[in-house]
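Throughout, protein chains are lettered first and strands after them, A, B, ... in sequence-line order, and every chain is numbered starting at 1. All values derive from a computational prediction rather than experimental measurement.
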Amino acid sequence: MNVRLTKLLLGLAAPLLALGLAFLITSLVLALAGDPVGAVWSQLLQWPQPRNQINILNNAMVLFLSGLAVSIGFRMNLFNIGVDGQYRVAVFVAAVVAGEAWLPGYANTALAIVCAMLAGALWAGIAGVLKATRGVSEVIATIMLNFIATSLVAYLLAKAAVREEGSNVIGTKVIPESSWIPGIQVWSDVATELYGFIVITVLAGVGYWFVLNKTRFGFELRATGQSATAAVASGVSAKRMTIATMMLSGAVAGLVGLPILFGDSHSYGSTFQSGLGFAGIAIALLGRNHPVGIALGALLFAFLDEQSNPLQILVGVSPDIVAITQGVIVLTVVVSYELVRRYGARLEQRRVAAELAAGVTVAADGDRRDPDPDPSAPSAPDGSRGPGDGDVDLSKETTR
Amino acid sequence: MTTHPQEAPAESGPLAVRLRGIGKRFPGVIANDDINIDVRRGTIHALVGENGAGKSTLMKILYGVQPPDSGTIEVDGRTMRLSSPADAIQAGIGMVFQHFMLADNLTVLENVVLGAEKMHGIGGAARAKIREISDAYGLGIDPDRRVEDLGVGARQRVEILKVLYRGARTIILDEPTAVLVPQEVEELFDNLRELKREGLAVIFISHKLDEVLSVADDITVIRRGTTVATVEPASVTSRQLAELMVGSELPTPQTEASTVTDHVLLEVRELRLPDPAGGRELLSDVSFRIHRGEVLGIAGVEGNGQSELVEAIMGMRPGMTGRILLDGEPIGRLSTRARREAGIGYIPEDRHRHGLLLDAPLWENRVLGHQTRRPSARGGLIDARAARADTRRIVENYDVRTPGIEVHARALSGGNQQKLIVGREMSGDPVLLIASHPTRGVDVGAQGAIWDHIKTARRAGLAVLLISADLDELIGLSDRIEVILRGRLVGEFDPGAVTPEQLGSAMTGAGQDSAGKETDA
């Protein structure tokens, strides 16, 4: 079979397998609880209304950035659980900076975004430095930093906050309207607008792909993730790489809350959306650390969240069922990717063995280890399901 | 020469294992195809073949790790279906792996009973049983010693004892001599002869043909997944045997005329490396020089500081003191990357841990270690097109057998992985090559090719630091040999005058007085 096609099919097989399994397990839970399985799915899986579509995209944007941040760590085998804390610190810093409005208009916005990324990078950098210098597990460090971030931001908010009249809600100063990022009107008859931050989000995705796949830094990051020992032997400084990766992950985490800040809430307050960092872990896993995959994963999660809202009213089932589905997806994704990866590796080894057995190599012939003309030496085993005729493969090799 | 393929040699004693027509489309490098082997009880049966010839696959089949696609396995005359190692153990087949599977911080007794607690318990009965086995086969094992206090040879005997304890009557030994010095090899062979005298069958897998000829009763040669001949050691020479293995004439590591210049390329002065755990220094007072066009061989029993020496020179060991000068320039404080950029090529001893990204395509592996230099990189960007082109060049010039450069490194056989590494490290015109066990686990054909590349580069003025456990390789390639023992250089030898036995003595510290500095012969 065509190699590229095989790879593509394998790549699609894993998420489909995972989703199918998650679908089954959720149905089982519903059935056991005595809830109407069919009704729940028909509500969840119906095509969303225009207003809901925008909500899904907006929500997905936030989840995408969160997944991107986590996956930067994953590419180097670093488990950044601290995206939640990092985005909190960052969005608070951005809200304060933008609210103070030291610069006019969009310069103010740009400054706030840079400050948010810096804040996220520094907060994550703490865990990076601890790991590089003292060997503290980044998992433990980032979890602890999440708690500290929550408390720290709450404490600072109380100092920096302005209380709204007649309300218990406190928040930072509202950002001047000239520094808001305007929404995009998608449907003329729908009031809900798409966050303008989508431009930066797309740039972040493209930047992620470019840095990881095209630059030396990205190569070293991936190499360290695949084999830290081999990377060190190749001249990568593991310590510096750990700190740099954590900081980069934190910088992207710093973007997570910004679509909401600049597009919707315009201030940071006690009601600001929380828990976005943890969803990112699931989405990074689901998206296989690939920007397109992460985008699809974010869309799926946002879709399920949005569609589950009216579940209680229309079907009488708690929307929490969607959280179960999402959780199960993460588990099945991990399992199915591993299964498919092993199957793919076996397939490749078999293909390589078969092509070599057929005497097809890129190497020039005429050396002392030519395919043996001696009849006693076995050539390609009869009836092997290898790629068959050697000439065919040679041509494939040359056209590549 | 005459070979009498397939048929079992002169009948004597019943068959312990009889394999007929074993075939396996194994998801690996080479499939097994029509393997026929008869192992007689009370004999040592050697299995030789190049790496990737299918020996490991066959042994996995016999040990129940993989089921065969075709063919039959008979153990003691009964046809068996072995679908797990537990089945194999049940059938009386035991396996001693090349890499010991022992817990260092447990005693021999604890290691032996681990997983076999039901047989004789974990206390006195087990201890008595171990003593009994040890005495019966002359293994000389004390059940209450801790494994970490044992030498390599003794650990291997513990592995054999583990297998015997579980009732094995047929024992498979996978490259058992790879980790031993010549003296230890002799001891092992005495143990094996003891085993066969007691009526056990031993299947002995090896690369080292002289050893095979000295210990085996029957030798089966495997080439390209099939058994090409079964011979008796008396009727063949090791050269004929090797030619059977390769199917063509074979190379030798003979150095030609010396190309040593008086230009010092690498100078190491008073290198010391403290043990982070606070024990004896890992390297103490190591000083040597390598000239342009010179190969310096380091001989030593594994674990005497070779890895540390290499990693210290590569800048991968913090805490090192002393001076390292490359072409007169001090490099002791530079990072690993800067040292590589200064022209050091590095063939690591463990290619999977230090040399390759197994799940990355070949061309990305070409970039590894060269990610700051052309053709792999331009500025801060990876130049994939140039890296791919250069990978094709390496694949062609170094005869890396692969269907393409996009396959993952994991899919290649060990020898081909190693050729890729050698090709990569030779790129970019290195001035110094550090080669740790460059042909370990590599088949004869690839071994010859790698030797040729080292020799060619040496003629062109490359300085080489060669670390190897293969004494023939050391003697054949080196211009000078230093022996390392417990982190010290303890003797210098002229490879033209030294024998493997003399080196072996120096390596174990036994012959320190007699071998001395500078052999005179």
Side-chain angles (χ1 to χ4, degrees), chain A residues 3-4 210 213-220 222-223 225-237 240 341 344-358 360-364 367-372 374 376-382 384-387 393 396-397 400, chain B residues 5 23 25-31 33-34 223-226 228 246-249 314 316 335-341 346 348 350 353-360 364 367-372 377 380-382 384 392 395-396 399-408 410-412 445 448:
Chain A
V3 179
R4 249 166 232 205
F210 181 81
N213 292 296
K214 296 291 166 189
T215 67
R216 198 178 88 201
F217 174 80
F219 176 81
E220 294 186 342
R222 285 183 293 126
Q226 285 190 31
S227 168
T229 45
V232 167
S234 85
V236 176
S237 162
R240 209 179 300 165
R341 189 191 67 77
R346 281 226 307 276
L347 215 60
E348 178 173 37
Q349 285 187 334
R350 193 174 300 169
R351 182 174 65 85
V352 170
E355 290 189 23
L356 288 183
V360 182
T361 62
V362 196
D367 68 328
R368 82 180 84 79
R369 292 190 65 223
D370 266 2
D372 205 330
D374 180 355
S376 73
S379 53
D382 305 63
S384 81
R385 45 198 152 97
D393 287 296
K396 187 169 65 189
E397 200 51 56
R400 188 171 285 167
Chain B
R25 307 270 176 278
F26 179 67
V29 182
I30 271 196
D33 187 33
D34 195 24
R223 185 168 85 217
R224 295 181 184 230
T226 195
V228 291
V246 193
S248 64
E249 67 182 69
M314 285 308 297
M316 294 158 63
S335 67
T336 303
R337 166 168 304 152
R339 294 183 202 205
R340 277 180 161 278
E341 285 170 351
Y346 174 39
D350 185 335
R353 269 173 61 77
H354 290 118
L356 293 170
L357 302 174
L358 288 172
D359 291 312
E364 285 199 353
V367 175
L368 188 71
H370 295 71
Q371 62 265 39
T372 54
L381 300 185
I382 297 293
R392 278 193 204 95
V395 164
E396 196 158 313
D399 187 28
V400 181
R401 309 241 152 174
T402 168
I405 59 166
E406 300 293 337
V407 301
H408 288 180
R410 190 185 294 281
L412 298 193

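Judged by distance alone, with hydrogens and angles left aside, the side-chain atoms of B/Arg340 form a donor-acceptor pair with the main-chain N or O of A/Ala233 at under 3.5 Å.
Using a 4.5 Å cut-off between heavy atoms, B/Arg353 touches chain A through backbone and side chain atoms alike. In this structure, the portions of B/Glu364 lying under 4.5 Å from any heavy atom of chain A include both its backbone and its side chain. Residue B/Ala360 touches chain A through both its backbone and its side chain, counting heavy-atom pairs closer than 4.5 Å.
Partners of B/Asp359 by salt bridge (Lys or Arg N to Asp or Glu O under 4.0 Å), not counting sequence neighbours, listed by chain and number: B/Arg410.
When every heavy atom of B/Thr336 is checked against every heavy atom of A/Val232, the shortest pair comes out as CG2-O, 3.8 Å. Residues B/Leu357 and A/Ala230 share a closest heavy-atom pair of CD2-CB, 4.3 Å. Among all heavy-atom pairs drawn from A/Thr229 and B/His354, the shortest one is O-CD2, 3.5 Å.
Separation of atoms CZ (A/Phe219) and OG1 (B/Thr372) is listed at 11.0 Å; rounding is to 0.5 Å. The structure places CG of A/Asn213 at 12.0 Å from CG of B/Leu381, a figure rounded to the nearest 0.5 Å. The OG atom of A/Ser237 sits 8.5 Å away from atom CZ of B/Arg337, with the distance rounded to the nearest 0.5 Å. Distance check: A/Ser227 OG to B/Leu368 CG gives 8.0 Å after rounding to the nearest 0.5 Å.
Summarising the local packing, CZ of A/Arg240 is surrounded by 12 or fewer heavy atoms from other residues, nucleotides or ligands at distances under 6.0 Å.
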